[in-house]
Amino acid sequence: MRMASPTRYRTMWTLLLAAGAALACFSPDAIAQQEGRRRRSGTQEAKPVEITPEQLAQLTKIANDRKLNVDDLLAAAKTFMPSGRHDEYVLFSSGGQSGQVFAIGIPSMRLLRSIAVFTPESWQGYGFAGDKDPIRESLKINGKPVEWGDTHHPALSETKGDYDGEFLFIGDKANARLGVIDLRDWDCKQVVKNPLTISDHGAAFVTPNTDYVIEGGQYGTVLGYGYALPEDYKKSYRGMVTMWKFDRAKGRIDESQSFALELPPYWQDLADAGKLASDGWFFINSFNTEMATGGVEKGSPPFEAGASKRDMDYLHIIDWKKAEAAFKAGKAEKVNGFPLLKLATLVEEGILHFAPEPKSPHGVDVTPDGKYMVVAGKLDPHVTVYSIERIKKAIAEKKFSSKDEYGVPVLDFDAVREAQVELGLGPLHTQFDDKGYAYTSLFLDSAVARWSLGGETAKKAPEGDWKLVQKTPVQYNIGHLCAAEGDTVSPDGNFLVSMSKWSVDRFLTTGPLLPQNFQLLDIVQSGTTMPVIYDSPIGVGEPHYCQMIRADKLKTWKVYPEVGWDPHKQMLSPDAPKKGDEGVTREGNKVLVKMTAVRSHFKPEHVEVNEGDVITWRITAMETAQDATHGFCIGGYNVNLSLEPGEYTEFTFTADRAGTYPYYCTEFCSALHLEMMGYLHVKPKGNAAVPAKDADHVAASK
Ligand code: CUK
Ligand code: CUA
């Protein structure tokens, strides 16, 4: 790890300490907490030292010139990262419509990387490996390229309910897909498409040991890509939740061991897996239990009104261990080739129960000890808290208030409800800290509410049970929020990111399309304030959820483990060209190019083929030094690769247009990077050289 110059850091800290002390604003407790936080992260420790009167004067002048107040200076001190120092946390954020994942350092809010998942991305060489790029093939749906995604919920893999830093899953709401990212090389390894449904929403969530990755649906549909008009809504439309089996050793979802549960055609929303006290269960919100079918044109209320009529919707309570047993006992039926446990089976086996939940809820979040489920209803100012103990008891004692139209038992609300806490307008999502507080986003209030947990919870806040403690305004219209490890069995607290949907006037205007605003809140000074300490524009998509993991939990590779490593298979490839293997061979019209790349040359530097040849091109990046990445592009043939140290890549294409094509390294890798190039000569059919004006004509007519 690169360290900052101690002198530089000390000076900065001293300035701010002095400013704080001078204005009597920096409490010793806060300093101690800051120090503790720093020690835990294993970064460099700061020692407060004397500040000179000259330095204090300089700091004061800068503050005054830039119109900064003391809170601003403190915020800067909490977030500023001197060059070379590393962030304490990594925030893995959905990239919204960009179809990607973004990795952001916390507390600096610096964008570290994007990770391509559902959208081809040229810098990472994701989807630009020749004619039949395996990534593009995996993005096809029914043979059609669907090369974007609406990513909503990233889920870090967990061991015993805690992030283990090994894998990351991300859901594509628009196309009901899941991406699997290996966090050793931060590379998407697999995209799976749900065969039952076109779109989803409650994905991805993992069971506490990542046995399953859960994908909940949203809009009712005819499962298996069927067809039906709204008249047949209740009969033909259904909801679903899919349990994708994760094979950790292979680092892949095992589709053959995966199955789904048929649900009534309510619009299932977010999900969360139980843990500890509620291990073996998961929970899904729903709205539109009215089963409104919209259609103002036919005189029906529009969806927004029709789906909001009832006072109560249904929290879906699913015993997934029972579901797994039923699947293994062969009780699933195949729909579009995929095993589905039908609703009747769910009822018969006691797999599915409902609990009433107030007015069109959105988020459901399980407390760190697994004892409580917090449901936030966007049309209700309260969060409603359910207890797993009460739920289990009510199920055992059959305390049902009714059954729904599909025969699913509805548990008695009073029997399962633990508490309701009034927080404000438009509560959506909840996270937790290590001190017994919960944090809920208030979309309409544009605020983060901090409130105390109660009941039998392990950690108790001093304010007493189930109390709203305070609110911090955010700009504007917060959706999700994310505290450090805030949805695990052991949250860190420390920082919270507000994923604000509107930025309006917070930044320079960027045209009519404005960035989202990620706002960082310091939540370490519990019980007093939780100020916003950083605004970060996210101008690449509209993220929904994110998760914040301690950076020291990630076991990221600095370079690939061996030269010739195939990242698709995560193993050394027998096909990787070695030093001395380089050259071009042919069998009929099949050409094999074996190439190595090392600073600052490709070998071979000339590749001669015939028009119409099918070329398999293999490249090994011989580099072993961190960050010695090369690129490789062939203009006109849509090829661009990122050749990371040790990486082996293969691509195939048909040389269907004659000409001489420079190929070159697209990553500024060395002083002689511009010289890192070569030529692909595609000899025209009939052996004649292409006259220049004909070549121009061909290019122009394309
Ligand atoms: S959803 Cu977007 S703010 Cu997809 Cu989790 Cu709530
Ligand atoms: Cu290799 Cu530039």
Side-chain angles (χ1 to χ4, degrees), residues 88-94 104 106-107 152-156 158 161-163 202 204-206 269-276 278 283 285 361-376 378 383-385 421 423-424 426-443 445-454 457-459 461 466 468-472 474 478-501 518-526 530 532-533 543-550:
E88 191 176 339
Y89 293 96
V90 177
L91 186 77
F92 287 105
S93 172
S94 88
I104 294 166
I106 302 288
H152 275 235
H153 304 100
L156 285 155
E158 295 180 8
D162 210 356
Y163 301 152
F205 296 86
V206 297
D269 208 10
L270 284 216
D272 200 7
K275 49 203 172 203
L276 300 175
S278 49
F283 309 90
N285 279 320
H362 185 50
V364 53
D365 297 282
V366 178
T367 55
D369 53 19
K371 286 184 176 158
Y372 302 106
M373 291 80 233
V374 178
V375 166
K378 46 193 192 273
V383 286
T384 303
V385 183
V421 190
L423 299 181
L428 295 185
H429 299 289
T430 300
Q431 292 264 299
F432 306 93
D433 72 6
D434 54 339
K435 298 179 182 66
Y437 293 109
Y439 300 81
T440 299
S441 53
L442 303 174
F443 180 82
D445 268 357
S446 288
V448 174
R450 170 192 266 160
W451 52 283
S452 59
L453 296 175
T457 198
K459 286 265 166 59
W466 315 120
L468 171 65
V469 175
Q470 68 180 112
K471 288 192 209 179
T472 289
V474 290
I478 174 175
H480 273 276
L481 76 185
C482 167
E485 310 219 336
D487 64 358
T488 69
V489 294
S490 62
D492 275 19
N494 289 343
F495 298 108
L496 182 141
V497 170
S498 155
M499 306 176 78
S500 303
K501 297 286 183 193
F518 277 15
Q519 297 191 291
L520 186 68
L521 277 69
D522 179 2
I523 57 166
V524 82
Q525 295 157 326
S526 304
M530 41 177 188
V532 172
I533 55 174
H544 288 256
Y545 185 42
C546 57
Q547 289 185 329
M548 199 192 303
I549 181 175
R550 269 192 21 221

Tyr545 vs Leu270, test: side chain to side chain contact (heavy atoms under 4.5 Å, CB included). Steps then yes/no. CA-CA 11 Å; Tyr545 185 42; Leu270 284 216; over 6 Å; no
Please walk me through it: do Phe432 and Leu453 pass side chain to side chain contact (heavy atoms under 4.5 Å, CB included)? CA-CA 9 Å; Phe432 306 93; Leu453 296 175; 4.1 Å; yes
With Thr430, the side-chain contact (heavy atoms from CB on, under 4.5 Å) member among Leu481, Val374, Val366: Val374
Is any side-chain heavy atom of Pro107 closer than 4.5 Å to a side-chain heavy atom of Ile533? no
From Phe205 atom CZ to Phe283 atom CZ, the distance as rounded to the nearest 0.5 Å: 13.0 Å
All heavy atoms of Ala483 vs all of Ile523, minimum pair found to be CB-CD1, 4.3 Å
If you measure from CG on Asn494 to CE on Met548, what distance do you get to the nearest 0.5 Å? 9.0 Å
Does the side chain of His362 come under 3.5 Å of the side chain of His429 through a donor N or O and an acceptor N or O? yes
The salt bridge (charged side-chain N to carboxylate O under 4.0 Å, His left out) partners of Lys471 (sequence neighbours excluded) come to Asp445
Does Gly479 offer a backbone N or O that forms a donor-acceptor pair with the side chain of Ser441 under 3.5 Å? yes
Can you tell if the side chain of Met530 reaches within under 4.5 Å of the side chain of Val448, non-hydrogen atoms only? yes
Those residues that, when tested against Glu158, pass salt bridge (charged side-chain N to carboxylate O under 4.0 Å, His left out) (two or more places apart): none
Quick one, Val421 and Thr440 - any side-chain contact, counting heavy atoms below 4.5 Å? no
Shortest non-hydrogen contact from Leu468 to Leu423? CD1-CD2, 3.8 Å
Could you report the tightest heavy-atom contact between Thr367 and Lys275, atom names first, then the distance? O-CE, 3.3 Å
Counting only N and O atoms by type, is there a donor-acceptor contact under 3.5 Å from the side chain of Ser94 to the main-chain atoms of His544? yes
If you look at every heavy atom in Pro154 and Cys546, which pair is closest and at what distance? CG-CA, 3.8 Å
Got Leu428 and Lys378 here, is their nearest side-chain heavy-atom distance under 4.5 Å? yes
Can you confirm whether Trp466 sits close enough to Tyr372 that some side-chain heavy atom of one is under 4.5 Å from a side-chain heavy atom of the other? yes
Output the distance between atom CD (Gln547) and atom CD (Glu485), rounded to the nearest 0.5 Å. 9.5 Å
Can you see which heavy atom on Ala376 is nearest to which on Val383, and at what distance? CB-CG1, 4.0 Å
So, taking the atom named CE in Met499 and the one named CG in Leu91, what distance separates them when rounded to the nearest 0.5 Å? 6.5 Å
List for me each residue that meets salt bridge (charged side-chain N to carboxylate O under 4.0 Å, His left out) alongside Lys459, sequence neighbours excluded, and say none if there are none. none
Without hydrogens or angle criteria, can the side chains of Tyr89 and Arg550 be said to hold a donor-acceptor pair below 3.5 Å? no
Is a side-chain N or O of Thr488 found less than 3.5 angstrom from the main chain of Ser490, in a donor-acceptor match? yes
What closest approach, in Å, do Ala155 and Val206 show between heavy atoms, and which atom pair accounts for it? CB-CG1, 4.1 Å
When rounded to the nearest 0.5 angstrom, what distance separates CG in Asn285 from CE in Met373? 12.0 Å
Beyond-backbone contact of Pro361 with Asp269, side-chain heavy atoms, under 4.5 angstrom: no
Taking the ring of His480 and the ring of His152, is the distance between their centroids below 6.0 Å? no
Distance, nearest 0.5 Å, that separates CD of Gln431 from CG of Asp487: 5.0 Å
